[in-house]
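What you see is a predicted model; the values in this text were computed from it and never measured.
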Amino acid sequence: MDHNLFLYNTLSRTKEKFDPIHPNLVGMYVCGPTVYSDVHLGNCRTFVSFDLIFRYLRHLGYKVRYVRNITDAGHLEGDRDEGDDKFAKKAKLEQLEPMEIVQKYTIGFHDVLRLFNTLPPSIEPTATGHICEQIEMIEQIIANGYAYETNGTVYFDVEKYVQQYDYTVLTNRKLEDMLNNTRELSGQDEKKGRLDFALWIKAKPETIMRWPAPWSVGFPGWHIECSAMSRKYLGDQFDIHGGGMDLAATHHTNEIAQSEACNHTAPAKYWMHTNMLTVNGARMSKSAGNGFLPGELFTGNHPLLNRGYSPMAVRFFMLQAHYRSTLDFSNEALDAADKGYKRLMSAIGLLDKLKVSKAADSFNLAEIRNKCYAAMDDDFNSPVLIAELFELVRIINSIYDGKAKVSEEGLENLKVFMKEFVEDILGLRNDQASGTDDIDDVMNLVIRLRNEAKANKDFVTSDRIRDELNAIGIQLKDSKEGTLWNKI
C-alpha cells in the first residue's frame, strides 16, 4: 500500500496515519440500525459514509471484513436501561409479533440502502442470533470482577472498572460531570453505582423476547451485543469501529468498557463517527417536527420539501459534505446538489461521444488523479474529491465543444478514471438513464423538427424548442457531427 491514508480518530481527537493491525487486511465494525421503525436519514448518512470508506479501502487493495449488525432485541427506550422494550412496544401498537416487526423493518432498511447503492457488508449479524456469545462474554466479565448480579439482572460495575481503566477515554468527559448528569439511585434501584449499566436484564412475566441464562430468563442489554459480535467476527482487537456521533457518549463508551473488562484490551484501534443532520439550520428530530424519512425525500411528499429528489442525487448531496461535518438539508441545497449530480452524469454520458485527436491531450490527468487521491487520503474528504471531478467535467465539455483535445489513449484513461472515482469509490450511478429507449426516439424526432426549422430559417421556432427543452432539464448540443441531447 503506497498511499498515506490519514483518518480522524475520535480516541485521540487527531488525524492519524492508517496502519492496520494486519498488513493488507482491515476489520471494520459499524453499529447498524435498531429495526423497530423505518430507517431515518441520520442512519442513512452514516451508512453512506461508511460505504464510501469501505469502497475506498477496497480500491486501495485492502481485503476488508465489514461487519454491520442488526439490533433486533434488547434495546430499551432509554440508553440507561429505562423504559419499555422498543420491539415489544411497537409490536403491541401494531398488533404483531416482535419478530414480525423485526422482519418488516429489516426488509425496509435493506430496500432503502439498495436505493442509495450501498454495498452490503461482509457480515450482517443479528443480536438474537448471538445470544450464546453475549452470555459467554458476560460470564467472563463477571469472572474478571467487573460485573455483578442482582435479582437475575447483571450490571457492569463502572466504579470497579475506573480503578484500572479510563471510562471517558472516547469522549474526554470528566467522570464527575457524568455523575452529576445522572440521577441519584432510589432505594428501589438494584444498581450499586449511578453509571452502572445492564449486561443482562431479567424478563418480566409478559416479556415475549426472552432467553434462558445462568442468572435468569431474560434478554441482553443493548451494549453487550456489539461487543460480542465484533469480538466473534473481528477478534479481540480490530482496526475501525464506526457509527453516528450520538452513539459515542453511551453506547460506544460502554462497548469499550465491556471489551476491556472481558479481553483486557481496547476493542478498536480507530473510532470514527459521522456528524448529525440539520434542517434549515435546526437539528433534525421527530420531536421538532422537522424530520423526514428517505421515502418522503424521494417523493417530495413532506410539508418542508418543494419536490422529490432521486436517491443518487441525495447520495451525491450527502457526499458533498465531509462525514464529520454537519449536513444541513434545505430545498436550496438539495436543488443545487441535484443540478451538480446531473452535470456530473451528463459529462460521463458524453465520454462515448467525444472525438479523439492525434494531438496530445489538452489536460494533465495524472495531476488531477493525484489531487483526487490526496483528497481521499485526507480522512476520506469526498467534498474535495467532488470539486476535483468537476474540473474534469469542465474538461470533458470543452473536448466535446472542440475547445480541447484528447487522444485515443487519453480518452480510455479518462473513462477508466471516471469509473473508478465516480462509480467505484463515490458509489454514484446514473439513475436518470433507465427507460431511455422510447425517449431516444422522441428526442430524435424533436431534433429533426428543430433542424428543419433551422433549414427554413425559422430561428424563432428552433430557439423555442431548444429553450423549452432546457427548461424541463434536457440540453441540446450542436456540433459538426450533428445535434446531441442529454439530461441536465
Side-chain angles (χ1 to χ4, degrees), residues 34 69 71-89 98 125-168 175 178-179 182-232 236 249-267:
T34 300
N69 72 296
T71 296
D72 58 351
H75 198 162
L76 302 182
E77 291 177 296
D79 288 349
R80 291 288 177 187
D81 314 318
E82 300 165 342
D84 296 327
D85 177 86
K86 291 185 175 184
F87 303 97
K89 186 173 182 178
T126 64
T128 55
H130 296 78
I131 299 296
C132 291
E133 289 82 358
Q134 294 174 74
I135 290 173
E136 289 172 3
M137 193 167 192
I138 295 168
E139 288 179 321
Q140 187 61 55
I141 294 172
I142 294 173
N144 290 346
Y146 293 102
Y148 57 92
E149 181 262 331
T150 304
N151 297 326
T153 295
V154 180
Y155 294 101
F156 188 89
D157 192 336
V158 174
E159 183 176 344
K160 178 71 178 297
Y161 174 79
V162 298
Q163 293 174 10
Q164 188 170 354
Y165 298 100
D166 183 0
Y167 184 59
T168 64
L175 195 63
M178 294 180 67
L179 286 167
T182 306
R183 65 173 176 80
E184 292 282 352
L185 295 177
S186 69
Q188 304 298 316
D189 210 309
E190 297 177 336
K191 300 178 183 179
K192 292 180 181 178
R194 281 183 282 167
L195 295 178
D196 295 357
F197 56 91
L199 301 176
W200 185 266
I201 301 169
K202 182 180 179 180
K204 298 176 182 178
E206 66 272 17
T207 302
I208 298 174
M209 301 178 78
R210 50 166 64 196
W211 293 266
W215 318 282
S216 65
V217 173
F219 54 92
W222 173 35
H223 314 298
I224 193 67
E225 64 173 273
C226 288
S227 294
M229 289 188 283
S230 63
R231 181 193 190 198
K232 179 178 177 68
D236 290 351
T250 302
H251 185 53
H252 289 167
T253 290
N254 291 345
E255 275 192 67
I256 292 173
Q258 291 166 161
S259 295
E260 286 188 321
C262 179
N263 308 319
H264 304 295
T265 184

Would you check if the side chain of Thr71 reaches a backbone N or O of Thr34 as a donor-acceptor pair within less than 3.5 Å?
-> no
Atom of Ala147, atom of Ile141 and distance for their closest heavy-atom approach | CB-CG2, 3.7 Å
Side chains of Glu255 and Pro267 in contact at under 4.5 Å (non-hydrogen atoms) = no
Measure the OG-CG distance between Ser230 and Asp236 for me, rounded to the nearest 0.5 Å.
-> 9.0 Å
Val217: side chain to side chain contact (heavy atoms under 4.5 Å, CB included) partners, not counting sequence neighbours | Arg210
Check whether any side-chain heavy atom of His130 lies under 4.5 Å from a side-chain heavy atom of Lys232, and answer yes or no.
-> yes
Note, Ile135 side chain near Pro214 side chain (heavy atom, < 4.5 Å) = yes
Going through the distances and angles, do Tyr146 and Glu159 end up as a side chain to side chain donor-acceptor pair (under 3.5 Å)?
-> CA-CA 9 Å; Tyr146 293 102; Glu159 183 176 344; over 6 Å; no
Centre of Tyr155's six-membered ring, under 6.0 Å away, within 45 degrees of the axis: is that where NZ or CZ of Lys192 sits?
-> no
Distance, nearest 0.5 Å, that separates CD of Glu136 from CD of Glu139 | 7.0 Å
Does the Asp196 side chain pair with the main chain of Gly193, one donor and one acceptor, at a distance under 3.5 Å?
-> yes
Chi angles and distances behind the side-chain contact (heavy atoms from CB on, under 4.5 Å) call for Thr253, Thr168 | CA-CA 7 Å; Thr253 290; Thr168 64; over 6 Å; no
Please check if the side chain of Gln134 supplies one atom and the backbone of Phe219 the other of a donor-acceptor pair under 3.5 Å.
-> no
From Ile224 atom CD1 to Met137 atom CE, the distance as rounded to the nearest 0.5 Å = 5.0 Å
Taking all heavy atoms of Ser259 and all of Ser227, pick out the closest pair and write down the distance.
-> OG-OG, 3.5 Å
Applying ring-ring contact (aromatic ring centres under 6.0 Å, His included) to Phe156 and not counting sequence neighbours gives Tyr161, Phe197
Within a strict 4.5 Å, meaning less than it, do heavy atoms of the Tyr148 and Lys191 side chains meet?
-> yes
Check whether any side-chain heavy atom of Thr250 lies under 4.5 Å from a side-chain heavy atom of His223, and answer yes or no.
-> yes
Find out whether Asn254 and Tyr167 are in side-chain contact, i.e. whether some heavy atom of one side chain is under 4.5 Å from a heavy atom of the other.
-> yes
At what distance, to the nearest 0.5 angstrom, does CD of Gln258 lie from CG of Asn263?
-> 10.5 Å
Output for pair (Thr153 OG1, Lys202 NZ), nearest 0.5 Å, gives 7.5 Å
Main-chain N/O of Pro125 paired to Asn69 side chain as donor or acceptor, under 3.5 Å | no
Gln163 and Tyr165: side-chain contact (heavy atoms from CB on, under 4.5 Å), yes or no, with the steps?
-> CA-CA 6 Å; Gln163 293 174 10; Tyr165 298 100; over 6 Å; no
Is a side-chain donor or acceptor of Thr207 paired with a backbone partner of Lys204 at a separation under 3.5 angstrom?
-> yes
Quick one: do the Thr265 and Glu260 side chains pair a donor with an acceptor below 3.5 Å?
-> no
Measure the spacing between CG of Asp72 and CE of Met209 and express it to the nearest 0.5 Å.
-> 5.5 Å
